[in-house]
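Keep in mind it's a predicted model, so treat the numbers as computed, not measured. Throughout, protein chains are lettered first and strands after them, A, B, ... in sequence-line order, and every chain is numbered starting at 1.
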Amino acid sequence: MRPRKGVPPVSATGDLNPAQLEAVEHRDGPLLVLAGPGSGKTRVITRRIARLIESGIYPSRILALTFTNKAAREMEERVAGLMPGSRVWVSTFHRFCAQLLRRYGQAVGLQPNFSILDSSDQGALIREVLSEQNIDSSHFSPGKLLGRISKSKSRLQSAEEFAREVLDGRQGNYFDQVVARVYQNYQDLLLRANSVDFDDLLCHVGRMLAENDEIRHDLGERYRYILVDEYQDTNFAQYQIVKMLAGSHRNLCVTGDPDQSIYGWRGAELGNILQFEQDFPETRVVRLERNYRSTKVICRAADALIVNNVRRKAKTLFTDNDEGARIESLFFDDQHLEGEGVSTVIRQIAQKEGRPWSDFAIFYRVNALSRPLELALGRHRIPYQVAAGLAFYERAEVKDLLAYFRLISNPADRLAFQRVVNTPVRGIGKTTVARLMDWADQQGIAPLDAARQADQFPGLTRRATLALGRFAEIINRLSMTPFAGVTPLFDELLKQTGYGTGLDKHDEADLQKLANIEELRNAAAQYDQEHAADPTLQGFLENSSLVADLDSVDEASGKVTLMTLHAAKGLEFPVVLIVAVEEGLLPHDRSLRSESPNEIEEERRLMFVGVTRARERLLLTRTWSRDMRGQRMLSAPSRFLEELNLSGRRDGERKSHDSLARHPPTGAGNDRNELPDPNVDDPAMAGNPVAIDEGGPEAIPSEAFVMKAVKPGRTARIPPEKQVSLPNEPVEAPVTVRPEDRAAASAALSRREREALEAKQRRQSKLGGIPNLTTGAALLGAGGTAESTSSNFRVGMTVRHPQLGVGSIVAASGEGKRQTVTVQFPDGSERSFLTQKSPLQPVGLR
DNA sequence: TTCTTCGGGATTTTT
DNA sequence: TCCCGAAGAA
Ligand SMILES: Nc1ncnc2c1ncn2[C@@H]1O[C@H](COP(=O)(O)OP(=O)(O)OP(=O)(O)O)[C@@H](O)[C@H]1O
């Protein structure tokens, strides 16, 4: 279908260069777009999708795959913008596979309501296997085992195949032999729980396609055009899936940059993109060589860095963008001052150049580095967002509630069962659960059914049996409730389980939990709204399992963005700061220990990715020493600093030792390029860089260097040792100081001591002190505090039981020491207590 | 059975 | 620092 006259095709709107246009116009057959950063690969894919639709291909026959939800969402939106009304399905590999498995999962033994485990569930499952096999988890850490299993799965290897390889080939060491045993058991349990882990999503689909001609054929027919972004990071499983889907029609377009391959550690194989032309000999290769993103300075530095990778094909990349500002390298005493310095610099650049906060991004190698940055930004009142590892869905209360959902959706989900069977506490202890699970496994029934029939199992105490029965009844009732959206079910869940009723509004940690519960409810409401046509519990669960750190990032938030270098791939920001550019962190210690040069090359690519995210300005920071895991470590400048060749010296003159003198003192010339001048004698500049760092070997932070660095003219006038306690270094403002608040006192304590103190306070208040407990009513917004003592109970009063939760007194008899009350709990059950001896506590008096 | 405390160990990156 | 498991107390 040719576009009619006068209507230019989407491809010809004038903002594509000839090479890009060639890729966009390519229609049938394999296409490889091989290009460096900022050259418009993503743009090409988007345009090409639009072009395909325009040329008459049904959107439903196009499959576009990305690695992150964020990338998928953006691509979908852009296509929708270009071709209004056409809805293309852009998906991540994992989501795509999850949906295939919902449909075709029977072929690999999965029911459509299977659960997707998160990594903590995986850990729990591995632990279960380990204890079953009497393997000491301190000798074989769950993480390592899972890592090995993950890699095996990403090679589409089953547990049996792995075991065979280890035993037959005798090429496994002792560790692998243990893995072989654990893997098999782990996989059995997964299947029995009708659950999958992340790698299973790909592995099951890969194996299913390989073994099942019919499904492969159907899907090949269905998806006639396949596009994959960031192809350099595909692992073997993904590679196979793509190859099998495209096998018959060969309409496969992949884009990627070998220099941006940063996921080798999770099984990504650079070979996939390098061999693409062998796999598809008729491939058309398009190279994009012009960078539209970064300044010349940044492109040059990135190139100088990446040429140090030996195992790499050279690539041309040029830009017509401005020369741009110099790359700055800043040097601080420790991570606190680094945080301060970064904050100060950001504020200055923002002011001087009139930039919104959202222009800035801070990247780091490991998540742990974000903490001091966050604190400093907070002190400086700079709004920020973190693409954080331990975000919302990692919180215990969120996982608890989702586990309830999982159990309702998939009664076989043993991990969900184990998580919530005694949350909130119901007096179902570890031994009870262990016995029950054994029994369920023997009978071949789901744990939930076992709980329901617990009275037929003699090995349990009567107490436990009853408690299990009540629990099963709750889940049962929830499952029977006609489904009218996730939100109603959520509310019902809170009501039935009494979850969260024990939380205290006046306790900071509890308040956070309440907020998280509320937030999850919001997520449910949002899901219901977005899927108003057809909301399902499964769908909601799937969304929450597949969210990623990056998904929380919002460009329009007007905030500085913090994230790991890995998360930064594919993004761009006007101003980029990379912190902790130090040996041991970037490149990471782990890669330095490895004998293989691959790992350090991957670290270099990671740095390369970080550097090439910057459009206009790039700042690199490092410290003299840094507290890692509670211990102070001296840090050396990263080798990458030198490789970036920041001073622009040619090769021969690189290692000169007089570079300190070679460059004019800071603030003395335009060499500094408007950078916030660290020499400004401004007391508000706490956390100034100790020195502007040339990054050369001469800058290795030794005592001598630091002393030299503080000489006037080139560095901060404040000696570093004084910087630590500058008079007006921003102090953490105490939040709402209550008269008797002991928080101030506890601030000086270690975390552990503080926790102990807080626990003690809680205990005291529980024992009849000031009952400032939040009731169920309070949770719903009608709270109040009680004034009575524990000796005075009346009918109608709301009381809280530490194990059973909140209930109301429906009957009372006797007086004083003999007083007995009957309490009805939300699940309908009634219990009687001798008030004197009971832990009952009055709450929420009205 | 549950709660608390304490010691030891750690994977760094993620779907 | 953070998390888990062991051990002891209630
Ligand atoms: N022909 C063009 N004209 C103007 N700007 C362009 C053109 N092509 C791409 N750009 C711009 O260049 C920047 C980088 O594009 P894009 O993100 O598609 O590159 P990429 O190759 O995917 O980058 P990376 O591999 O680094 O993630 C974007 O801001 C994009 O708008």
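Residue A/Q122 contributes atom CD, which lies 13 Å from atom P of B/dT15 at whole-angstrom precision. One can place NZ of A/K144 at 10 Å from P of B/dT12, the figure rounded to the nearest angstrom. Spacing between atom CZ of A/R593 and atom P of B/dT13 amounts to 16 Å, rounded to whole angstrom units. When the P atom of B/dT14 is taken as reference, atom CD of A/Q238 falls 16 Å away, rounded to whole Å. Atom CD of A/E602 and atom C1' of B/dT14 are 12 Å apart (whole Å). A/E582 places its CD atom 16 Å from the P atom of B/dT12, with the value rounded to the nearest Å. With rounding to whole Å, A/Q335 atom CD is found 10 Å from C/dT1 atom P. Taking atom CZ on A/F608 and atom C1' on B/dT13, their separation rounds to 19 Å, with Å as the unit.
Backbone-only contact: A/N422 has heavy atoms under 4.0 Å from sugar-phosphate atoms and none from a base. The residue A/F67 sits close only to the backbone: its heavy atoms come under 4.0 Å of sugar-phosphate atoms, none of a base. Nucleic acid contact for A/L565: none, since no nucleic acid atom lies under 4.0 Å from a heavy atom of the residue. Nucleic acid contact class of A/S119 (heavy atoms, under 4.0 Å, all strands): none.
Both A/K430 and A/R371 lie close to DNA chain C; mapped to their nearest nucleotides by heavy-atom distance, the more 5′-ward contact belongs to A/R371. Along DNA chain B, the nucleotide nearest to A/A548 and the one nearest to A/E603 differ in position, and the one closer to the 5' end is contacted by A/E603. Heavy-atom nearest nucleotides on DNA chain B were determined for A/Y263 and for A/L145, and the one closer to the 5' end corresponds to A/L145.
Applying the 5.5 angstrom centroid cut-off and the 30 degree plane-angle cut-off, the aromatic ring of A/H588 is stacked upon the base of B/dT12. A/W265 qualifies as a stacking partner of the B/dT13 base, centre to centre under 5.5 Å and near-parallel within 30°.
Between A/T564 and B/dT14 there is a side-chain N or O to OP1 or OP2 distance below 4.0 Å. Proximity of A/R127 to the phosphate of C/dG5: a side-chain N or O atom is located under 4.0 Å from OP1 or OP2. At the phosphate of B/dT15, neither OP1 nor OP2 sits under 4.0 Å from any side-chain N or O atom of A/N235. OP1 or OP2 of B/dT12 lies within a sub-4.0 Å distance of a side-chain N or O belonging to A/R629. In terms of phosphate contacts, A/R590 brings a side-chain nitrogen or oxygen within less than 4.0 Å of OP1 or OP2 of B/dT12. Distances shown here put a side-chain N or O of A/N367 below 4.0 Å from the OP1 or OP2 atom of B/dT13.
For A/D400, the side-chain contact (heavy atoms from CB on, under 4.5 Å) partners at least two apart in sequence or on another chain are A/R419, A/T423, A/Y499.
A/D197 CG to A/L146 CG: the interatomic distance, rounded to the nearest 0.5 Å, is 8.0 Å.
Cation-pi check for A/K153 over A/Y183 is not met; the charged atom does not lie both under 6.0 angstrom from the ring centroid and within 45 degrees of its normal.
Taking the six-membered ring where the residue is Trp, A/F175 and A/F140 present parallel rings, their angle staying beneath 30° rather than reaching 60°.
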Counting only pairs under 3.5 Å, give me each side-chain donor-acceptor contact of residues 93-101 of chain A, with atom names and distances, residues two or more places apart or in other chains.
{"unit_1": "A/R95", "atom_1": "NH1", "unit_2": "A/N543", "atom_2": "OD1", "d": "2.7"}
{"unit_1": "A/R95", "atom_1": "NH2", "unit_2": "A/N69", "atom_2": "OD1", "d": "3.4"}
{"unit_1": "A/Q99", "atom_1": "NE2", "unit_2": "A/E542", "atom_2": "OE2", "d": "3.1"}

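By the 4.0 Å N-to-carboxylate-O rule, A/R605 lies close enough to A/E602 to be salt-bridged with it.
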